[in-house]
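Okay, structure first, notes after.
Note that this is a predicted model, so its numbers are computed, not measured.
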Amino acid sequence: MITWHNLLYPIPISVTTDMTIREAAHFIQQSGGDILLVEDKGEILGYVDSHSLLNQLIHSPEQPMRYKTDVLVVEESAPVEFYHNVSIVLGKNHTGKFSGYSTMEAARHAIKTSQLTQMQKIFASAGIGIVTTDDQFQIMFLNEKAEEIFGVSRNVLLYRNYKTLLFTQENLDSVLKGKQLVSVASSFNSKPIIGNFSPLYENEQVSGIVHLFYPRRQLEESVQELEFVRNLNEDLQVLYASSNEQLVVVDKTGTIIRLSGAFSSDIWQTPNPEDILGSSVYSLEREGIFPADIVDRCREQKQKIMHVQETKRGRKLWAVAVPVFQAKKIEKIVIVLRDITELSDYQLETQLDSKDEDKIDKPLIYRSKSMEDIVEQAKRIAEVDSTVLLYGESGVGKEVFAQTIHAHSPRHNKPFVRVNCGAIPETLMESEFFGYESGAFTGADRKGKPGLFEMAHTGTIFLDEVGELPANLQVKLLRVLQEREIRRIGGTHTIPIDVRIVAATNKDLRHMVHQKTFREDLYYRLNVIPITIPALRQRQVDIVPLSLHFLEVYNKRYSKDKQLSREAVEVLENYDWPGNIRELQNVIERLVVITRDNFIEGQDTLSALYGDVSEKSSGRVAVRELMPLKDALEQVETNLLSLALQKYRTAAEAAQVLGISESTISRKIKRRFG
């Protein structure tokens, strides 16, 4: 409770009722205050303020002053209340003496300030993330919890477009029209969150949005077991949805309490699932049915375990075990089983690789509309088996797109085989592509070897750098595309293959066709559905989310806690990125490893991109001998760029001082110091 005692100021100077306007104005000027109390025989009758005196002084300075009487006397220990038609409050203490005064306006301001301070304390301790934006989606406020959840400092995020940083399927524009969105799943910096979007009102008009949210894992920990299973991470969801997997829930004692998915009598040695429910995994292990060590490993390591096991009965099981925590203790373990006994070794290797996060399942990180359209197109194309040709500069992520097409296709549970056509020696290409039979040539494996196309059978083969194929391989690849069959080196019969072909190139194949360096018929076979992936410099809005994603990856890999400053982000955004996403990834890794402080500054980023520009500059220009004017101008330009970058740290500020555009200074920096 706030009392008047907390808001009162010392009693101001008092004047009498017969004082002239000029005299009162002199008094108030001498006092340095804004108010004079008016009294008669020790009784306070009212007050006069500087604004009122100024108006009176203009008209009749020698007349007695006029004063106001909208004064209220209160006990200083009484709670603060606001009254109509009262401008001044006089407080009395317990002895009956006046102890101070306050204007109603100052009291209201003090109450609002106190409420704001209290609100900030509530925001800080609320346990949920809070973000507010203006009507253009610029971030105006975020609390400490939001910073913690995002893993990004507020000085990087303030005034940035929240709509471009946040990934959600909902239309946030509808919130600006007054609609509230409840329990919306979204992600920021690849971190899943869930929460509500509400309109932010000011003077009964929507002035922005407020987003209240928390990490989605908090919801997953609080719901029932079945809801948790439904919200497991992506690889477990895919496995659960598949008809080939068996889902097993084991309690903390090792007892099977639930079976879901496709029941496999081959695994359990019984056609009836009820025979398994209530059984101990340890008793099943003794019977040679179920290898219980994955349960023990998951419990000991307290994390997801994934590997291949073989039962005593000779069944090969591909298993994923995920612990379910309650109050930081493992309550259950969810295990996904797949019987892979019938799979050949190379199929098994490929499928295991497809779950390796360093090889497959690299996430597509984007916020730009151009990338959104291309990704949607890729997902639609994935539903059919048409050949796709991916165009794009080196490093734009063509392999990730190929993986995305495979992951969204009906072949997603089948092999994904990547072939770098530019990395295989020409003398080995044919044997690598099509395999060979026993004794096909000197040094060949006596058992023979399947080729890459055979390994990709029923799945997808990704032909990266297809423009590097030599002429003789182009002919044979064309035959594979036409006939859908291959013949091993030294073989006497053809082998039918069923593969989806996705090719990629950073070259202009049409121009190569005109130059007679690439077969025209092969070009048209590959170019069925062309997709061009734009360079990173053409989708600048993707630079920040990609940077934050890579920062999180390398922080985790190297046990660091680095953060990007606003200046560092601006440097990244203004760079031309000739190496595209691959170059960005390398730069972020370099910054995480080499920067001394946890806060990555703009100068750190400039050095990582351009080297030490201060060392590459020769200082001030001193002309002591004649030189070509062009050389002199270039030297002056180099020194100016160096001085500007050292002083202002960011390319944007340096560009403004030098009177050139950001794109121009980025180009000049690259040419001078790159």
Q) Can R590 and V587 be said to form a side-chain contact (heavy atoms from CB on, under 4.5 Å), step by step? A) CA-CA 5 Å; R590 191 181 315 146; V587 167; 4.2 Å; yes
Q. Can R537 and E393 be said to form a salt bridge (Lys or Arg N to Asp or Glu O under 4.0 Å), step by step?
A. CA-CA 11 Å; R537 61 182 171 276; E393 295 179 5; 2.4 Å; yes
Q.
Could you walk me through whether T595 and L591 satisfy the side-chain contact (heavy atoms from CB on, under 4.5 Å) test, starting with their C-alpha distance in whole Å, then the side-chain angles of each, then the deciding distance to 0.1 Å, before giving a yes or no?
A. CA-CA 6 Å; T595 52; L591 289 169; 4.2 Å; yes
**Q.** N93 and E76: CA distance, side-chain angles, deciding distance, side chain to side chain donor-acceptor pair (under 3.5 Å) verdict
**A.** CA-CA 6 Å; N93 59 25; E76 67 174 10; 5.4 Å; no
Q.
Could you walk me through whether K369 and E372 satisfy the salt bridge (Lys or Arg N to Asp or Glu O under 4.0 Å) test, starting with their C-alpha distance in whole Å, then the side-chain angles of each, then the deciding distance to 0.1 Å, before giving a yes or no?
A. CA-CA 5 Å; K369 184 63 169 61; E372 181 182 344; 5.5 Å; no
Q. Going through the distances and angles, do V375 and K379 end up as a side-chain contact (heavy atoms from CB on, under 4.5 Å)?
A. CA-CA 6 Å; V375 172; K379 290 179 180 179; 3.7 Å; yes
(Q) If you apply the rule side-chain contact (heavy atoms from CB on, under 4.5 Å), what do you find for V71 with V86, and how did you get there? (A) CA-CA 6 Å; V71 178; V86 173; over 6 Å; no
Q: Apply the test salt bridge (Lys or Arg N to Asp or Glu O under 4.0 Å) to residues D173 and K163: give CA-CA distance (whole Å), side-chain angles for both, the deciding distance (0.1 Å), then the verdict.
A: CA-CA 9 Å; D173 292 319; K163 190 176 177 183; 2.9 Å; yes
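Panel note: side chain N161, backbone Q138; no donor-acceptor pair is recorded below 3.5 Å. R367 contributes a side-chain N or O that, together with a main-chain N or O of L165, makes up a donor-acceptor pair within less than 3.5 Å. In terms of modelled atom types and a separation under 3.5 Å, the side chain of N580 and the main chain of L536 share a donor-acceptor contact. Distance alone, capped at 3.5 Å, is enough to place a donor-acceptor pair between the N574 side chain and the E570 backbone. Judged by distance alone, with hydrogens and angles left aside, the side-chain atoms of N598 form no donor-acceptor pair with the main-chain N or O of K562 at under 3.5 Å. In terms of modelled atom types and a separation under 3.5 Å, the side chain of E147 and the main chain of R154 share a donor-acceptor contact. Side chain of W577 to main chain of L572: a donor-acceptor pair is present (N/O by atom type, distance under 3.5 Å, no hydrogens or angles). The backbone N or O of Q136 lies less than 3.5 Å from a partner atom in the side chain of D134, making a donor-acceptor pair. Judged by distance alone, the side chain of S559 and the main-chain N or O of N555 form no donor-acceptor pair under 3.5 Å.
Separating the CD1 atom in I44 from the OH atom in Y67 is a distance of 12.0 Å, to the nearest 0.5 Å. With values rounded to the nearest 0.5 angstrom, I130 atom CD1 is found 11.0 Å from E144 atom CD. One distance of note links CG of L7 with NE2 of H109; it measures 11.5 Å at 0.5 Å rounding. Note that CG of L45 and CD of E39 are 8.5 Å apart. Values are rounded to the nearest 0.5 Å. In this structure, the separation between CG on N6 and OG on S102 is 11.0 Å, given to the nearest 0.5 Å. Note that CG of L551 and CD of Q585 are 12.5 Å apart. Values are rounded to the nearest 0.5 Å.
The shortest heavy-atom contact between S368 and R539 is OG-CB, 3.7 Å. Among all heavy-atom pairs drawn from P534 and S370, the shortest one is CG-OG, 4.2 Å. Summarising the geometry of L564 relative to A568, their closest heavy-atom pair is CD2-CB, 4.1 Å, with the distance given to 0.1 Å. Taking every heavy atom of both residues into account, R66 and Q56 meet most closely at N-OE1, 2.9 Å. Across all their heavy atoms, S547 and L584 have their closest contact at OG-CD1, 3.6 Å. Of all non-hydrogen atoms in V175 and V206, the two that sit nearest each other are O-CG1, 4.2 Å.
Inter-residue side-chain proximity for S207 and Y201 is flagged as unmet; no heavy-atom pair is nearer than 4.5 Å. You'll find the side chain of V131 reaches within 4.5 Å of the side chain of Y162, heavy atoms only. In this structure, V569 and V544 have side chains that are in contact, with non-hydrogen atoms separated by less than 4.5 Å. The shortest side-chain heavy-atom distance between L8 and S99 falls under the 4.5 Å cut-off. Side-chain contact between L548 and F188: present, with at least one pair of heavy atoms (C-beta onward) separated by less than 4.5 Å. A 4.5 Å side-chain heavy-atom check between T16 and D40 finds every atom pair outside the cut-off. Considering only heavy atoms from C-beta on, L200 stays 4.5 Å or farther from I209 through its side chain. Side-chain contact between N196 and V184 is absent, with no heavy atoms from C-beta onward closer than 4.5 Å.
Considering L166, I139, T132, T133 in turn, L166 is the only one that fulfils the side-chain contact (heavy atoms from CB on, under 4.5 Å) rule with H211. When each of D70, T69, T103 is checked for a side-chain hydrogen bond (donor to acceptor under 3.5 Å, both in side chains) with Y47, only D70 meets the rule.
Residues in residues 9-38 take part in these salt bridge (charged side-chain N to carboxylate O under 4.0 Å, His left out) pairs, two or more places apart or across chains: R22-E62. Screening residues 180-200 for salt bridge (charged side-chain N to carboxylate O under 4.0 Å, His left out) gives K191-E552 as the qualifying pairs, with residues at least two apart or on separate chains. Applying the side chain to side chain donor-acceptor pair (under 3.5 Å) definition to pairs two or more places apart or across chains, those involving residues 175-184 are Q180-S198.
Annotation: cation-pi geometry satisfied between K92 and F98 (NZ/CZ under 6.0 angstrom from ring centroid, within 45° of ring axis).
Between F213 and F150, the ring planes lie parallel to each other; the angle is under 30°, not in the 30° to 60° tilted range.
Counted within 6.0 Å of CZ on F27, heavy atoms from surrounding residues, nucleotides or ligands total 12 or fewer; the atom is thus considered open. Few gaps surround OH on Y558; more than 12 heavy atoms of other groups in view lie less than 6.0 Å from it. No more than 12 heavy-atom neighbours from other residues, nucleotides or ligands sit within 6.0 angstrom of NE2 on H5. No more than 12 heavy atoms of other residues, nucleotides or ligands sit less than 6.0 Å from atom CG of N85.
Looking at K68 and D49, a side-chain N of the basic residue comes within less than 4.0 Å of a carboxylate O on the acidic one, giving a salt bridge.
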